[in-house]
Amino acid sequence: MTDTGPLSFQRMILTLHDYWAARGCVILQPYDMRMGAGTFHPATTLRALGPDPWNCAFVQPCRRPTDGRYGENPNRLQHYYQYQVILKPSPADLQEQYLGSLAAIGIDFATHDIRFVEDDWESPTLGAWGLGWEVWCDGMEVTQFTYFQQMGGFDCKPVAGELTYGLERLAMYIQDKDNVYDLAFNDAGVTYGDVFLENERQMSTWNFEVADTDALFDLFRKAAAECERSLAADLPIPAYEQAIEASHLFNLLQARGVISVAERQAYIGRVRDLAKGSCAKWMDKNAEGWKSRHPNWSVA
Amino acid sequence: MTDFLLELRSEEIPARMQARAREDLARLFAAELAKAGLTAGDLTTYATPRRLALIARDLPDATEAVSEELKGPRSSAPPQALDGFLRKTGLTADQLTERDGVYYAVIERPGRATADVLAEAIPAIVRAFPWPKSMRWGDASLSTESLRWVRPLQGIVALFGDVIVPCEVAGIASGAATVGHRFHHPGVITIGSAADYVEKLRACHVIVDQDEREGIIATGATTLAAQAGLTLIRDEGLLAENAGLIEWPVPLLGRFDPDFLSVPPEVIQLTARVNQKYFVCQDGAGRLANAFICVANIEPRDGGAKIVEGNRKVLAARLSDARFFYETDQKTRLENLTPKLEKIVFHEKLGTVADKVDRVAKLARWLVEEGMVGRAAAPEREPFAETTGDQPIHAPEPPAFSPADRARLADQVERAARLAKADLVTGMVGEFPELQGLMGGYYAAAQGEDSAVAAAVRDHYKPVGQGDEVPTDPVTVAVSLADKLDSITQFFAADLKPSGSKDPFALRRSALGVIALILDNRLRFPLGSQASGDVLAFFADRLKVQQREAGVRHDLIDAVFALGGEDDLVRLLARVHALQAFVATDDGANLLAGYKRAANILKKEGYTPPPADEEAETRDHQGVAETGEEDPLVLVEDADFRDTVGEWAHQRRVRHLGYDPEPAELALIEALDRAEPLARIAVEQEDFARAMAALAELRAPIDAFFESVTVNDPDPARREARLGLLARVRAAVHAVADFSKIEG
């Protein structure tokens, strides 16, 4: 470990972990499923519902099959990392805490231009929306900053603050690299490319060219059915896992170009129904306990 | 007199909402003052990303004391009534006065301290604030009833003079403390009063006045461009947006790799503006330069080197994406994208975009083949600028295309229509939907299409809204017209019409586009060939909107539309223009008055003209030369013969009436005999000014008729004949327009 020079990719993550752990966050490990964004993590989606306080931070690998570029684009990846922080209820000094985290990973506010640019967040597949900003550092979006207002179609009571850092972008920035594959992953000479370049090549090929679309359609149907079976069994967490699965299968089908524009909306609607059903069941199952702990709280 | 300062500090307010928020703040504040009977000498509002502020000057220190007399019950009324009145006023019986057997109470309302009024007004304003989007936050958001603000509200400064106006909203107490610039001056600062607010903040790196920030950016950017030997491309919207994102503007100029200039300049400008909010510059020859100007929110310690470098990298990544799309898109010819269009649903009830393209191509071709599009460009004059209307609109008939030219034009039009929507499935338009059309134009030209075809692909969405350039090239005109007509008629046929404020498919804009295309190019195009009843009515409404700006009266458009069957907009407007000029004259105004009087009598009497007696008509015409015009006098130039024929005609009238008409009655009959055919012929020749002139001749006879003739004669024959005469007046006027629709 060196004390001078910019942080390596992994040291940046460790620094953020330390920073948020010191502020009362549970440091979680990545969820062991394929998903398009950290927001899908149950620690975000499900925990954003209900009155219990919840503070956590975690890295989540994100899969966006259509963003694959066979390792040939310097900043587009079909697999990348998000760093997520959830603070519920949103603290009054959330912006200051966030800026403190940027300072901790080495951004100097005397020479860099930070600003908060309106960017309201909406996820049709999660039935969720919030207001907030994309945070720019010298014109580059480095974080999505959102106050969740609704999740799974339910009002967030109380509101959670969500910070989503784009780790590769921040690292490229801090390390002054033009190509993501040139990033120092650690301080011992391993680059991001050493770790992920071949992965990007193979996964892009599979996503775009090889994946068996009949099998994917079949898996989608099975995930949807399993979600509903789990809901019938009063099990919102397994049901929600299947909603995550269905969402990713849909993304893969999109990348294979086999979902027409007309069908697209229907698929999104299907995933939304699964996610919302899971959230509704989660609310149902917890409402009693929540009410007993928070007399002023109600579902609606 | 005392000044008042209010600052509502929050997390970053979206730039696009700040101007409106200032207006709302001023409006709500003035309304709260008015409720208490107060007015400020002057209201100034400011907005930065982190604060919304108001300074009200010269407020009185208290509201005026008011003495108000309330009328109570009669002194003879039962005691319960008096008790009720006393309860209501809070007085005792001996405090009332009695006058004329009625009790009166005098209520004294003492003046209130203005500070107290303000302390109530501030929470009321905050709670009522109409943000376009607002949110909940923090611990209080356990309930959905918690305060909503655009982003979390953090502080309230409320100073009346140098005294804090104490109030509290959602746990935030007012005070004198605020914060300066987020990075340059993160600590708390204390404001003394409205007088030092702006300057104290300036000392803490916050320019409160949005106009001043805009000025700093504009001046700074212009200077930077000039120092680089370039000219700033001004963009007012971008200026306001940048001013809304920062509290301490510092413009910085950077350069991007000139290799990117191979990408169309519109794409570069759009990428820079939309994604990065940068200004761009042009060189001395008006070409886009490889420079951008970003606006930082800090005074950077290193002079801005790192900020410029960071922004350059972001822009380079954006531009390399754009170049990637531009180069990749050109690997597929536009016509080969049709299979992709077959997969895009235009609307679930209206098939795919490919279906639409097919319809538009056929319609565009038809418009050319039928000669509705494809005459030479209109002559160089304002077609309807003159209001005398003495120039018939058909006079300079535009020469038609030769059959061979027309066939070529039809082919170009169909080709352009078939390529026009292909760019919707290109990568570039996928990334920047607002480049639709423009990219198609670039790609069409690059693949060697005829320049008129490429231009039509590029411009066929035009005109987009009023004030946009209206295409004049016949290829573009045909494709644009066909595209818009197709949308309007298809959506109407699927019962997806605009209603109220809802116009999800922008059909109103399309209709305005159709109208502008027809009028500007003077297309003789019967809309009825494409549109059914409700579509025509829709066009009539749009025409009224479109013409309102040109000062054309909507009731006159109604008056012409009400005749029915007029679906040629060029002719319709010519008629409306002539009508507008006519009703502005003395003759026109009087004729209108006479018409209305006649129409009112007919309406009151419930008169309907009897069916025409064809046998009598035929009989009457025997013996007179058939000129094709029904007034035998029109073409009679021989003075002697004229008298003879005149006398004959007079006899005929008397015989027809069965009684001796009064002079004014006869004069009106004769005037109608002259005016009717003249007006009709003029209308047929589309010379509406002449038609109006013919009708103007009726004015004096009508006035005289009403002056001296009693319509409601005891003799049923006279009464019937005179009502019939009035009906003729009404019908004659209707040859030009339905005057009953004209207001005034």
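Convention: sequence-line order gives letters A, B, ...; per-chain numbering from 1.
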Handout entry: Part of Ala110(A) lying under 4.5 Å from any heavy atom of chain B
Key = both
Exercise for the section: Below 4.5 Å from any heavy atom of chain B, which atoms of Asp176(A) appear? Answer side chain, backbone, both or neither. Expected result: both
Problem - Check against side-chain contact (heavy atoms from CB on, under 4.5 Å), Asp108(A) and Arg301(B) - result: CA-CA 10 Å; Asp108(A) 174 9; Arg301(B) 193 180 294 150; 4.2 Å; yes
Exercise for the section: Report the distance from atom NZ of Lys313(B) to atom CG of Asn75(A), rounding to the nearest 0.5 Å. Expected result: 11.0 Å
Practice task
Could you tell me whether a side-chain N or O of Glu12(B) sits under 3.5 Å from a main-chain N or O of Glu118(A), the two making a donor and an acceptor?
Solution key: no
Completion exercise
Note: vs chain B, highest number of non-hydrogen pairs under 4.5 angstrom among Gly130(A), Pro53(A), Cys156(A) is Cys156(A)
Handout entry: Contacting moiety of Pro91(A), where chain B heavy atoms sit under 4.5 Å
Key = neither
Exercise for the section: Mark yes when over 12 heavy atoms from residues, nucleotides or ligands other than Arg20(B) sit less than 6.0 Å from its CZ; otherwise mark no. Expected result: no
Practice task
Run the numbers on Ile307(B) and Thr111(A) for side-chain contact (heavy atoms from CB on, under 4.5 Å), then give the verdict.
Solution key: CA-CA 7 Å; Ile307(B) 294 176; Thr111(A) 50; over 6 Å; no
Problem - Test item: Arg136(B) and Tyr147(A) side chains (from C-beta on) under 4.5 Å apart, heavy atoms - result: no
Practice task
Compare every heavy atom of Gly138(B) with every heavy atom of Pro158(A), then report the nearest pair and how far apart it is.
Solution key: CB-O, 3.9 Å
Problem - Region of Glu141(A) that comes under 4.5 Å of a non-hydrogen atom in chain B - result: neither
Fill in the blank from the handout: Checked Gly132(A), Gly161(A), Cys137(A) vs chain B; the most non-hydrogen pairs under 4.5 Å come from Gly132(A)
Practice task
Ignoring hydrogens and angles, tell me if any N or O in the side chain of Gln276(B) forms a donor-acceptor pair with the backbone of Gly139(A) under 3.5 Å.
Solution key: yes
Practice task
Could you tell me whether the side chain of Ser141(B) and the main chain of Lys157(A) form a donor-acceptor pair under 3.5 Å?
Solution key: no
Problem - Distance (rounded to the nearest 0.5 Å) between Gln95(A) CD and Arg50(B) CZ - result: 7.0 Å
Exercise for the section: Would you mind checking if Glu247(B) and Arg115(A) are paired as a salt bridge, meaning a charged N to carboxylate O distance below 4.0 Å? Expected result: no
Handout entry: CE on Met135(B) to CD on Gln149(A), rounded to 0.5 Å
Key = 5.0 Å
Problem - Ile246(B), part contacting chain A, at a heavy-atom distance under 4.5 Å - result: side chain
Fill in the blank from the handout: In short, Ile298(B) meets Phe109(A) closest at the heavy-atom pair CD1-O, 3.5 Å
Problem - Full working for side-chain contact (heavy atoms from CB on, under 4.5 Å) between Lys133(B) and Trp129(A) - result: CA-CA 12 Å; Lys133(B) 270 185 180 175; Trp129(A) 68 277; 5.9 Å; no
Practice task
Check each atom of Ile114(A) against the heavy atoms of chain B and say whether the ones under 4.5 Å are side chain, backbone, both or neither.
Solution key: both
Problem - Ser90(A) backbone acceptor or donor facing Trp137(B) side chain under 3.5 Å - result: no
Practice task
Using a cut-off of under 4.5 Å on heavy-atom pairs, state which of Val250(B), Val308(B), Asp321(B) scores highest against chain A.
Solution key: Asp321(B)
Problem - Gln154(B), part contacting chain A, at a heavy-atom distance under 4.5 Å - result: side chain
Completion exercise
Trp136(A) meets the side chain to side chain donor-acceptor pair (under 3.5 Å) criterion, sequence neighbours left out, with Glu134(A)
Problem - Interface moiety of Arg151(B) toward chain A, non-hydrogen atoms closer than 4.5 Å - result: side chain
Handout entry: Atom of Asp113(A), atom of Asn297(B) and distance for their closest heavy-atom approach
Key = OD1-N, 2.9 Å
Handout entry: Enclosure of Glu209(A) CD (heavy-atom neighbours >12, cutoff 6.0 Å)
Key = yes
Fill in the blank from the handout: Applying a strict 4.5 Å limit to non-hydrogen atoms, the region of Arg76(A) in contact with chain B is side chain
Practice task
State the NE2-CG distance between His112(A) and Asp302(B), to the nearest 0.5 angstrom.
Solution key: 7.5 Å
Completion exercise
In terms of heavy-atom pairs under 4.5 Å with chain A, the winner among Ser143(B), Gly310(B), Ala296(B) is Ala296(B)
Problem - Rounded distance [0.5 Å steps], OG in Ser298(A) versus CG in Leu142(B) - result: 8.5 Å
Practice task
Against chain A, label Ser134(B) side chain, backbone, both or neither, depending on which of its atoms sit under 4.5 Å from a heavy atom there.
Solution key: backbone
Handout entry: Leading residue by heavy atom contact count with chain A [cutoff under 4.5 Å; candidates Val150(B), Asn311(B), Asn275(B)]
Key = Asn311(B)
Handout entry: Part of Lys306(B) lying under 4.5 Å from any heavy atom of chain A
Key = both
Exercise for the section: Against chain A, label Arg318(B) side chain, backbone, both or neither, depending on which of its atoms sit under 4.5 Å from a heavy atom there. Expected result: neither
